[in-house]
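Note sheet for the following structure.
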Amino acid sequence: MKNIASHAGAATSAITRSLRAKAVGAAVLAMAAITATVPAHAWEPTKPVEFVIPAGTGGGADQMARLLQGIVIKYKLMKEPLIVVNKSGGAGAEGFLAVKEAKGDPHKIIISLSNLFTTPMATGVPFNWKDMTPVAMMALDQFVLWTNVDAPYKTAGEYVAAAKAAGPSKFKMAGTGSKQEDQIITVALEKATGTKFIYVPFKGGGEVAVQLVGGHVHSTVNNPIEAVAQWRAGKLRALCVFDDQRMAFKTKVTDTQSWNDVPTCKEAGVPTNYTMLRGIFMPAGVTPDQLAFYVDLLTKVAATPEWKEYMEKGAFNPTFMTGKPFADWLTTAEATHRTLMSEAGFLAANK
């Protein structure tokens, strides 16, 4: 069996590299869109829009959705309210099925992580991303290997050595959900380094960070935005980022470190890569005019100073994408996740 990390490094990294080159141009176009005078839309919501989060409160998806909601309110980008609703049951299946069942309803949107792929593959729930209408990729999210600042290991190499020395299933790795992104990365880390962790799932990234600060687990693979407050407060240590190059942001976050100071896991001797989707979808069966409204809305959101600040603070890859390029990316990412899930032994029997 091939190393799971090699697939993530080859497939996911290739996607990410090709998208980075487009990010600057997309941001310029987005800023022009929000400052330009735009004629009335052919369609606009006529009642409150339900904004589904297929994850728990406090995590990266929840934070992003609520910021997006706040920007829409601040800039009065919609006449009707945007109502955030968490539907985290079944590793997000509750949220995805709610949108699938709302076929043709333009008053429901959902923010998606890569559980868009992993949840149906792992559970066999009758859902696929093609059961929805892709609206926009808002960003690609990173994963960081975090430990408690009071732990004796200062680098990823030291941490892996300590996990090996402790023996199989002695170190606890916390993550969000089972057979989802965090556990996929944990398995990749095990295969790349010859270690074996106890994976402990929680409902959201906020809870994961709290568990690590409290010393109840040894490490996490939280997204930057989910642990930045604890990192800034000197409670956590960022050992490495699971990407093929360092995060670009060089403004100091802690007293001594910027995101750019965090080495890649490959640099640290842990050759494991993975980035995650942050995207917005609508139900299937909506009209082109209804889709166009939300594409325009999200383009304006992505151009605001608040969004750009959030992208930097959370160390996101700020890739914005709509239309066919986004659909093509989803097709490739689905195939990559199927390979990762298969090699980790996470595919449901009927998948």
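Values below: all heavy atoms of this structure, side chains included; hydrogens, waters and symmetry mates excluded.
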I'd like to know if the side chain of [X] reaches the main chain of [Y], judged simply by a donor and an acceptor atom lying under 3.5 Å from each other, with no hydrogens or angles considered.
| X | Y | answer |
| --- | --- | --- |
| D296 | F293 | no |
| K266 | N273 | no |
| D182 | T176 | yes |
| N222 | G205 | yes |
| T332 | D328 | yes |
| S169 | I198 | no |
| N148 | V213 | yes |

Return the minimal non-hydrogen interatomic distance between [X] and [Y], and the atom names on each side.
| X | Y | value |
| --- | --- | --- |
| P283 | D105 | CG-O, 3.2 Å |
| A136 | F326 | C-CE2, 3.4 Å |
| M311 | A139 | SD-CB, 3.7 Å |
| N115 | E181 | N-OE2, 2.5 Å |
| T287 | Q290 | N-OE1, 2.9 Å |
| P45 | H107 | CA-NE2, 3.5 Å |

* NZ of K313: more than 12 outside heavy atoms within 6.0 angstrom? -> no
* Step through the shown structure and confirm whether more than 12 heavy atoms of other residues, nucleotides or ligands are within 6.0 Å of NZ on K154. => yes
What orientation do [X] and [Y] show, parallel under 30°, tilted 30 to 60°, or perpendicular over 60°?
| X | Y | answer |
| --- | --- | --- |
| F127 | F96 | parallel |
| W43 | Y294 | tilted |
| F143 | Y274 | perpendicular |

* Asked: Who passes side chain to side chain donor-acceptor pair (under 3.5 Å) against Q180, sequence neighbours left out?
  -> T118, T119
* To do: List the steps and the verdict of side-chain contact (heavy atoms from CB on, under 4.5 Å) for V72 and V301.
  => CA-CA 7 Å; V72 169; V301 167; 4.1 Å; yes
* E267 with R246: basic N within carboxylate O range, under 4.0 Å -> yes
[X] [atom1] to [Y] [atom2] distance, which is reported to the nearest 0.5 Å:
| X | Y | atom1 | atom2 | answer |
| --- | --- | --- | --- | --- |
| S219 | R237 | OG | CZ | 13.0 Å |
| L239 | W146 | CG | CH2 | 9.0 Å |
| Q142 | I225 | CD | CD1 | 12.5 Å |
| T272 | I184 | OG1 | CD1 | 12.5 Å |

* To do: Provide the full list of side-chain hydrogen bond (donor to acceptor under 3.5 Å, both in side chains) pairs with a residue in residues 50-74, sequence neighbours left out, each pair given once.
  => E50-K108, D62-R66, D62-N86, R66-N86, K74-E306
* Asked: Side chains of S258 and D261: donor-acceptor distance under 3.5 Å anywhere?
  -> yes
* To do: Find out whether Q211 and K172 are in side-chain contact, i.e. whether some heavy atom of one side chain is under 4.5 Å from a heavy atom of the other.
  => no
